[in-house]
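Side-chain atoms are counted along with the backbone in the values below, which use heavy atoms only and exclude waters and symmetry mates. Remember, it's 1-based here, ligands and their atoms both numbered in the order they're listed.
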Amino acid sequence: SSLFLCLVLNQELLYKQPSVLVGRTDVVSVTPWLAPIVWEGTFDPVLVDNIYKPMNLTVATTVFAIGKYVRFLQDFLETAEKHFMVGFHVRYYVFTDRPHDVPSVNLSQGRHLSVIQVPGSNRWQEISARRMEIIQTTIERQIRREADYIFCLDVDSKFHARWGSESLGRLVAVIHPGYYEQTRDRFPYERRPASTAYIPMDEGDYYYGGAMIGGFVEDVYTLTKVCRTRFEEDAGNSIEAAWQEESHLNRYLLDNKPSKVLSPEYLWQDFKAKTKEVKVIRFSGVIKNYADVRPN
Ligand code: UDP
Ligand code: MN
């Protein structure tokens, strides 16, 4: 409401009048539980920045670069400096087994990077799975005291356009670019009831991408803790979910609805041609030769 804005904005800000009648009609911009789905044209970047900037927030960004994946760090960090949460305090946490191979990238004022050494692994499935555990323990040890919001991102990716304060929320997930045109029975959820990530054919909201988890530090903490526990419970029963943590993430988000959903603009794939509803690609996974970068 306008009263709220007057209180939050200490200077007058002129912006386009919001309309109740005119806006995007080619996409759905709200979930059935009334969480926004963030698409270009559904928000005013200057207005949202003016709401969040005075809060003096710090945004943590975790990224894993284990083994040969260190090669993706330079582009990831350089493009993040150009497009990711510009004007906010950002703390990158780089987890790697090769700290000496972390490139030195010039960071803008108010942005900071720490390197945290973690063990390598011979199985990419295990690296993927252990991300939840490492994020959980690093939140406990450090991030909880150092940041308000957190985004956990895949390193084999680049930013291409603004990813800003419109993405902030209590629990934030991104719609996977590969499945948003599909019916839920075609989603690659874990389908075996023996797994704690199991989702029956007639359930599920969207297929969320595992390359991004975000939100308040405490909400992401609970998510990583629950997913890690379930992953370990499955391992004890000799079962590994179809897409490891992505499967557990999807199960968690079915039961704990995200408060904000990012459109596939926030997680595209470079091999995929842009579709008409995607007006801007903000972040995308680069094309990689799996045989080249994965340990097995
Ligand atoms: N990862 C890593 N080293 C590996 C495999 C994976 O550091 O050998 C990390 C990295 O951050 C990567 C993420 O785990 O972005 C997810 O793995 P990957 O990108 O290979 O999965 P995909 O996006 O292809 O499903
Ligand atoms: Mn990836």
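Near A65, with a cut-off below 4.0 Å to any heavy atom, the atoms of ligand 1 are 7 (O). In the vicinity of I66, heavy-atom distances shorter than 4.0 Å reach the ligand 1 atoms 2 (C), 3 (N), 4 (C), 7 (O), 8 (O). Taking a cut-off of under 4.0 Å to the non-hydrogen atoms of R294, the atoms of ligand 1 that pass are 18 (P), 20 (O), 21 (O), 22 (P), 24 (O).
Put simply, the side chain of R24 gets close to the backbone of E40: a donor and an acceptor are under 3.5 Å apart. Although no hydrogens or angles enter the test, the distance criterion places no donor-acceptor pair under 3.5 Å between the side chain of Q269 and the main chain of P177.
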Where do E133 and R130 land on the salt bridge (charged side-chain N to carboxylate O under 4.0 Å, His left out) test, with the steps shown first?
CA-CA 5 Å; E133 175 194 343; R130 291 207 51 225; 3.4 Å; yes

Carefully, step by step, assess F159 and F84 under the rule ring-ring contact (aromatic ring centres under 6.0 Å, His included).
CA-CA 7 Å; F159 294 86; F84 179 72; 5.3 Å; yes

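Scanning the protein for heavy atoms near atom 1 (N) of ligand 1, the closest one is I127 CG2, 3.5 Å. Residue, atom and distance of the protein heavy atom nearest to atom 15 (O) of ligand 1 are D156 OD1, 2.9 Å. When hydrogens are left out, the protein atom nearest atom 2 (C) of ligand 1 is Y69 CG, 3.5 Å; that is the closest non-hydrogen contact. The nearest heavy-atom contact from the protein to atom 23 (O) of ligand 1 is D154 OD2, 3.1 Å.
Counting heavy atoms under 4.0 Å from ligand 1, residue K68 does not touch it at all. Contacts between F72 and ligand 1 below 4.0 angstrom, taking non-hydrogen atoms only, are absent altogether. Residue contacts with ligand 1, taken as heavy atom pairs separated by less than 4.0 Å, involve R131 solely via side-chain atoms from C-beta onward.
Legend: side-chain hydrogen bond (donor to acceptor under 3.5 Å, both in side chains) pairs involving residues 245-257, not counting sequence neighbours, sorted by first then second residue: S128-E245, R131-E245, D205-K257, Y207-E246, R251-D255.
Between I199 and L254 there is a side-chain heavy-atom pair separated by less than 4.5 Å. When side chains are defined from C-beta on, M85 counts as touching S167, because their heavy atoms get closer than 4.5 Å.
Atom-to-atom distance recorded for E166:CD and R162:CZ is 4.0 Å, nearest 0.5 angstrom.
Geometric assessment of R282 against the ring of W163 yields a negative cation-pi assignment under the 6.0 Å and 45° thresholds.
Taking the six-membered ring for Trp and the full ring otherwise, the centers of Y149 and F216 sit less than 6.0 Å from each other.
Polar contact check, W124 against ligand 1: no nitrogen or oxygen pair lies under 3.5 Å apart. For a threshold of 3.5 Å applied to N or O pairs, the pair formed by F64 and ligand 1 contains at least one separation below that value. Among the atoms of V155, some N or O lies under 3.5 angstrom from an N or O of ligand 1.
Protein contacts to the Mn ion (ligand 2) involving N, O or S atoms at a distance below 2.8 Å are D154 OD2, D156 OD1, D156 OD2.
The closest approach between any non-hydrogen atom of Y290 and ligand 1 is below 4.0 Å.
When all heavy atoms of D234 and A194 are compared, the pair lying nearest together is OD1-O, 4.3 Å.
Between E218 and R144 there is a salt bridge, since a side-chain N of the basic residue sits under 4.0 Å from a carboxylate O of the acidic one.
Side-chain atoms of Y93 and Q142 form no donor-acceptor pair, as typed in the model, at a separation below 3.5 Å.
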